[in-house]
Trainee: 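Right, I'll just put the structure down here and ask away after.
In the text below, chain A, chain B and the rest are named by the order of the sequence lines, each starting its count at 1.
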Number of protein chains: 2
Amino acid sequence: MKNCIVAQSGGPTVAINASVAGVLSGNEKTHIFDTVYGGINGIEGILHHNIVNLSEKIAEDPDFIRKLSVTPAMYLGSCRFKMPKATDNAGLYEELFSYLEELDIDTFFYVGGNDSMDTVLQMSRYAAEHDLPVKVLGIPKTIDNDLVITDHTPGFGSCAKYAATTLLEVAHDAYIYPMKTITVVELMGRDAGWITAASALARTSYSAAPHLIYLPERPFSKEQCIADVKKCLETTDDVILAVSEGIRDKDGNYISATGTELDKFGHVKLAGAGNVVGDFLKEAFALKVRVIELNVLQRAAAHIASAQDQKESMELGEHAVTLACQGVTGHMVTFLRKSDSPYTYEISSHDISDIANAVKEVPDAYINEAGNDVTDAFLAYARPLIQGTPELTYKDGLPEYAFL
Amino acid sequence: MKNCIVAQSGGPTVAINASVAGVLSGNEKTHIFDTVYGGINGIEGILHHNIVNLSEKIAEDPDFIRKLSVTPAMYLGSCRFKMPKATDNAGLYEELFSYLEELDIDTFFYVGGNDSMDTVLQMSRYAAEHDLPVKVLGIPKTIDNDLVITDHTPGFGSCAKYAATTLLEVAHDAYIYPMKTITVVELMGRDAGWITAASALARTSYSAAPHLIYLPERPFSKEQCIADVKKCLETTDDVILAVSEGIRDKDGNYISATGTELDKFGHVKLAGAGNVVGDFLKEAFALKVRVIELNVLQRAAAHIASAQDQKESMELGEHAVTLACQGVTGHMVTFLRKSDSPYTYEISSHDISDIANAVKEVPDAYINEAGNDVTDAFLAYARPLIQGTPELTYKDGLPEYAFL
């Protein structure tokens, strides 16, 4: 008997289930594992022996893998459990690996973002140090696109497509009245501005919105923002701003009004950068100002997912199975871009110790000199990632998703 | 020469352009008008002689009518101009009709909601009283679904589809953590709860969200809401509430914290009912509470429009042309439902004086006894309206829309 287990962790994306689907389809092709288990609620659930037999799901429903690949959020549930270091809690690791041995687990696949890759690092180190036969592989996912080494992360393309599509629709909505207006759209991205930058993909031959883009990678100045808007209003009636939730002033203080509460990982909880910007623009200009917060739909709107993103996410899952065949452990699967246009890439993998706990910000080459827009190089980078719409089936007018 | 002019007014929907497309396709079939003009920014723009030749657009782009029919917001722009009574400003009417005569206008089609239908009423009365040869016809549109006589209004079905689809996706997002949570989703609807009610269409075999629905048609009680949530938490981990922006207490005061500002029509401007509910639930339960405001995407998200809605909206535009052929004036085109399942309807029209300035609330038969949910009869009414997804073309990963 040789089995594997796959689990998901961190925040949702609309492509994270595609990686689980990829592990399943990878195993359908290679049959190297007798059973593919799913860990419910990530590593935390596995520690509580909370698992499901995914191989049985395929047997029950021949359409399961496809439906799973287009389903938003985590089919297997998530956790925000911070894995302690083995030196701090050896008992936890003994317990965990003894349970994996009980299940005849050959490989543990963990699909997640930055914090989850730290779990992959800790577990693979522990296994190596204790000569345990369990391989541990990471599959990236995060709408934030902030993992290093990989060209991009699954989930980002769909989030970018949502940002661009809805920004264009917000622009259509804003353009209808014969009056000057200001619209502030707040997008997700605590430490890196990738999602907010992607709103620039909304631009068409007739609409230049968003006219201004503010990322956490550049210090935000209220005075400069007012000057930028003033200049835009000279040539356009409706100025639309895309601001990241994580914008900070020159001293590193969050613009958000409520940026004091901390989450479990010690990150500052944010809300309201858009409202703060909207408020001072209302004061500066005697104009109608609207603030739109693009809420959780950014990471959950599977109905407007990028087909390219979901396809790539599935490919990563399949490649992780191939790596397991080859005996690789302590790696994360990655994208290597070969060219922007035509868009070509290779799938590879990289030592997790170079990836865990590092953050990839939007590089200088992707931000304009004034710090209020992105460059053409960014557009060339991001545009291939939002191509295609998912082939969804609908029932009673609703998309059909998988649910455990 | 016999021409017509069509204009749009009020708030956007993703089906309002389909009615303009319907006027154009109706004329393509009948050729009763030599030229179809579009009034830019509604009646206000027409008063400023701001018009466009739509017949030329068809000549320029053979795909124009289709693309227009799937484009969100107002292709021709909108206005919030309150037409004065002719007795208060006869000069304005003289000026307007003299301009229409100059353009050889036989029929004026006005696509809009409640306030726009008042304009149709005033203009058709003036024309009749002054023996002017101009016919005036109303084509309904409003996401609010609150016009009387017609079974439903174009724009509502798409808004309902957006509400249901995103509510389901929000539910997938909420279900991932092994902890109890409360999510409050605020939906549009100032005086009538149709949109909030439509969120019930999000329910599937595996998800009962929204578990509670609060409409403006029933007095809202904080205490009752807390009791309702408490009861739900006994059987479900993640309670999702759908609340209308227009919910009021038993004395008629808006629950929204900021419901004091008035718009041009004397309506109270609303924002924040969801936040108010979220705040007291956070206080009542020691749980994670999220508040999601489904912002302007409710009326602008053409990428997830109801194909049925856009098709019907186009049919109304075509029928309005037929009515003009028959010499009808002072009417609004309407839907008469024949049956829910299979869904069948007829298109008719009705005297505008019975329609303008009246509001259709969600009837008692569609609200449950406890006042915290809708009935099966409502679901049977609403479900046919959200069927089908629009056939969009995409360019660079974005939907292709029409723009003037």
Trainee: Using non-hydrogen atoms and a 4.5 Å limit, figure out which bit of B:Y394 sits close to chain A: side chain, backbone, both or neither.
Mentor: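 For B:Y394, the contact with chain A is made by the side chain alone.
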
Trainee: Between B:G42, B:S207, B:A73, which has the largest tally of heavy atom pairs under 4.5 Å with chain A?
Mentor: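 The answer is B:A73.
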
Trainee: Quick one: which of A:G11, A:S205, A:G77, A:G45 has the most heavy-atom pairs under 4.5 Å with chain B, could you say?
Mentor: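 Option with the greatest count: A:G77.
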
Trainee: Rounded to the nearest 0.5 Å, how far apart are OG1 of B:T165 and CD1 of A:I304?
Mentor: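 If I round to the nearest 0.5 Å, the distance is 11.5 Å.
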
Trainee: To the nearest 0.5 Å, what is the distance between CE (B:M179) and CZ (A:R80)?
Mentor: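 So the CE of B:M179 and the CZ of A:R80 are separated by 10.5 Å.
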
Trainee: Determine, step by step, whether B:Y177 and A:M74 satisfy the side-chain contact (heavy atoms from CB on, under 4.5 Å) criterion, reporting the C-alpha distance in whole Å, the side-chain angles of both residues, the deciding distance to 0.1 Å, and the verdict.
Mentor: CA-CA 9 Å; B:Y177 292 116; A:M74 279 83 159; 5.9 Å; no

Trainee: If you round to the nearest 0.5 Å, how far is CD1 of A:I176 from CG of B:L404?
Mentor: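 Nearest 0.5 Å value for the CG-CD1 distance: 13.5 Å.
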
Trainee: What part of B:L392 lies closer than 4.5 angstrom to a heavy atom of chain A: side chain, backbone, both or neither?
Mentor: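 Contact with chain A is absent: no heavy atom of B:L392 under 4.5 Å.
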
Trainee: Out of B:P72, B:A164, B:A202, B:A160, which one racks up the most heavy-atom pairs below 4.5 Å with chain A?
Mentor: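 Option with the greatest count: B:P72.
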
Trainee: With side-chain contact (heavy atoms from CB on, under 4.5 Å) as the test, would you mind laying out the steps for A:E293 and B:N295 before giving the verdict?
Mentor: CA-CA 8 Å; A:E293 195 199 327; B:N295 62 57; 5.8 Å; no

Trainee: Between B:Y175 and chain A, which part of the residue has a heavy atom less than 4.5 Å away: side chain, backbone, both or neither?
Mentor: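 B:Y175 touches chain A through side-chain heavy atoms alone.
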
Trainee: Using heavy atoms and a sub-4.5 Å threshold, report which of residues 383-391 of chain B line up against chain A, by residue number.
Mentor: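 Hits under 4.5 Å: B:R383, B:I386, B:Q387, B:T389.
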
Trainee: Only pairs of heavy atoms separated by less than 4.5 Å count here; which of A:N41, A:V291, A:I40, A:L168 has the most with chain B?
Mentor: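 Highest number of pairs under 4.5 Å: A:N41.
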
Trainee: Counting heavy-atom pairs under 4.5 Å to chain B, which of A:A307, A:A174, A:S306, A:A302 comes out on top?
Mentor: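 Option with the top pair count is A:A302.
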
Trainee: Which heavy atom of B:S78 sits nearest to which heavy atom of A:P178, and what is that distance?
Mentor: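 In this case the closest contact between B:S78 and A:P178 is O-CD, 3.4 Å.
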
Trainee: I would like to know whether A:V296 and B:R290 meet side-chain contact (heavy atoms from CB on, under 4.5 Å); could you show each step before the answer?
Mentor: CA-CA 10 Å; A:V296 299; B:R290 277 197 310 190; 3.3 Å; yes

Trainee: With a 4.5 Å heavy-atom cut-off, do B:L294 and A:L297 have their side chains touching?
Mentor: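 Answer yes - side chains close enough.
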
Trainee: For residues 396-403 of chain A, which side-chain donor-acceptor pairs fall under 3.5 Å, sequence neighbours excluded?
Mentor:
unit_1, atom_1, unit_2, atom_2, d
A:E400, OE1, A:T393, OG1, 2.9
A:Y401, OH, A:H303, N, 3.4
A:Y401, OH, B:E169, OE2, 2.6

Trainee: With a cut-off of 6.0 Å (strictly less than), are more than 12 heavy atoms of other residues, nucleotides or ligands near NE2 of A:H49?
Mentor: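 Count over threshold, so yes.
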
